[in-house]
Amino acid sequence: MSKQDKKNWHQFKEEHQHEEHQHEEHQSKKAKKNEEHEDSLDLSEEIAHPEPSLAHPDYKELSDKLTAVEQQAHQNWEKAVRAQAELDNVRRRAEREVANAHRYGVEKLITDLLPVIDSLEQALQLVINAQDESMKEGLELTLKLFMDVLKKFDVQQIDPAGAPFDPQVHEAMSMQAAPDAEPNTVLAVFQKGYKLSDRVIRPARVVVSKK
């Protein structure tokens, strides 16, 4: 290759590189211009359609809601107090029922045994009238054993001879004039009464003096 050819080649190469460089600069400017245009469009859209700002709270509405919540809380508290009171009443009632079951659970059995005691007392009275000492001692011992067993279950005998008449524990069968006795005094006992703890399971049947 001659020097002239080399020179032409270098000149062609430089011109070609210069054209490529200008083309790249043109593309770069074009792309930058497009980006600036897009940014301006986005900014204009943001200005045209701004995001909604947070609304300020309505203080009256908040106050009303707070009042409603406080009222509901107070109602719930009252319900809880009433429920606790009802629960305490149920518990106390159950405790009383259990205590009464333990205390008066043998009431029916004791009531069914009372005629047996009456029969022993009547037999003892007949033996005393007949002056049979051996039979009298046997019946007295049997009756004492019977009463000792009843005392273990908190049973008390009501024998009100000579005491003032009490309608809570006595049942008046008749009334008689008695100049030597105060009015409403028990003159005689037809049938003794019995109490289980503090409950009268059979009142004493008596004769009462009158004015």
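- Residues Leu196 and Val169 do not share a hydrophobic cluster, defined by chaining ILVMFWY side chains whose heavy atoms lie under 4.5 Å apart.
- Under the 3.5 Å distance criterion, the side-chain polar atoms of Ser209 are matched with a main-chain donor or acceptor of Asn184.
- Counting Ile, Leu, Val, Met, Phe, Trp and Tyr side chains that sit under 4.5 Å apart, directly or through other members, Val69 stands alone, with no cluster partners.
- Tyr59 and Leu66 fall into different hydrophobic clusters, where Ile, Leu, Val, Met, Phe, Trp and Tyr side chains are chained together by heavy-atom contacts under 4.5 Å.
- Listed by chain and residue number, Lys60 satisfy the salt bridge (charged side-chain N to carboxylate O under 4.0 Å, His left out) test with Asp64 (two or more places apart in sequence, or in another chain).
- Annotation: side chain of Gln191 is in contact with side chain of Asp118 (closest heavy-atom distance under 4.5 Å).
- Connection of Leu114 to Val200 is not established within any shared hydrophobic cluster, with ILVMFWY side chains joined at heavy-atom distances below 4.5 Å, either directly or through further cluster members.
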Show the atom names and distances, to 0.1 Å, of all donor-acceptor pairs under 3.5 Å that link a side chain in residues 141-161 to residues at least two apart or in another chain.
| unit_1 | atom_1 | unit_2 | atom_2 | d |
| --- | --- | --- | --- | --- |
| Thr142 | OG1 | Gly138 | O | 2.9 |
| Lys144 | NZ | Asp148 | OD2 | 3.1 |
| Asp154 | OD1 | Gln156 | NE2 | 2.7 |
| Asp154 | OD2 | Ser197 | OG | 3.4 |
| Gln156 | NE2 | Asp154 | O | 3.2 |
| Gln157 | NE2 | Glu121 | OE2 | 3.1 |
| Gln157 | NE2 | Tyr194 | OH | 2.8 |

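- One N or O on the side chain of Ser119 and one on the backbone of Pro115 form a donor-acceptor pair closer than 3.5 Å.
- Arg202 contributes a side-chain N or O that, together with a main-chain N or O of Lys192, makes up a donor-acceptor pair within less than 3.5 Å.
- His74 and Glu70 share no side-chain donor-acceptor pair at under 3.5 Å.
- For residues 88-98, every residue pair satisfying the side-chain hydrogen bond (donor to acceptor under 3.5 Å, both in side chains) rule, not counting sequence neighbours, is listed here: Gln84-Asp88, Asn89-Arg92, Arg91-Glu95.
- By the 4.5 Å side-chain criterion applied to Ile, Leu, Val, Met, Phe, Trp and Tyr, Trp77 is assigned to a cluster that also includes Val81.
- In this structure, Glu140 CD and Leu120 CG are separated by 12.0 Å, a value rounded to the nearest 0.5 Å.
- With a 4.5 Å cut-off between side-chain heavy atoms of Ile, Leu, Val, Met, Phe, Trp and Tyr, the cluster of Val206 takes in Phe165, Met175, Val186, Val189, Val208.
- The same ILVMFWY cluster, assembled from side-chain heavy atoms under 4.5 Å apart, contains both Leu139 and Val116.
- Across all non-hydrogen atoms, the minimal contact from Glu171 to Pro203 is OE1-CG, 3.8 Å.
- Using a 4.5 Å heavy-atom threshold, the side chains of Lys136 and Leu124 count as touching.
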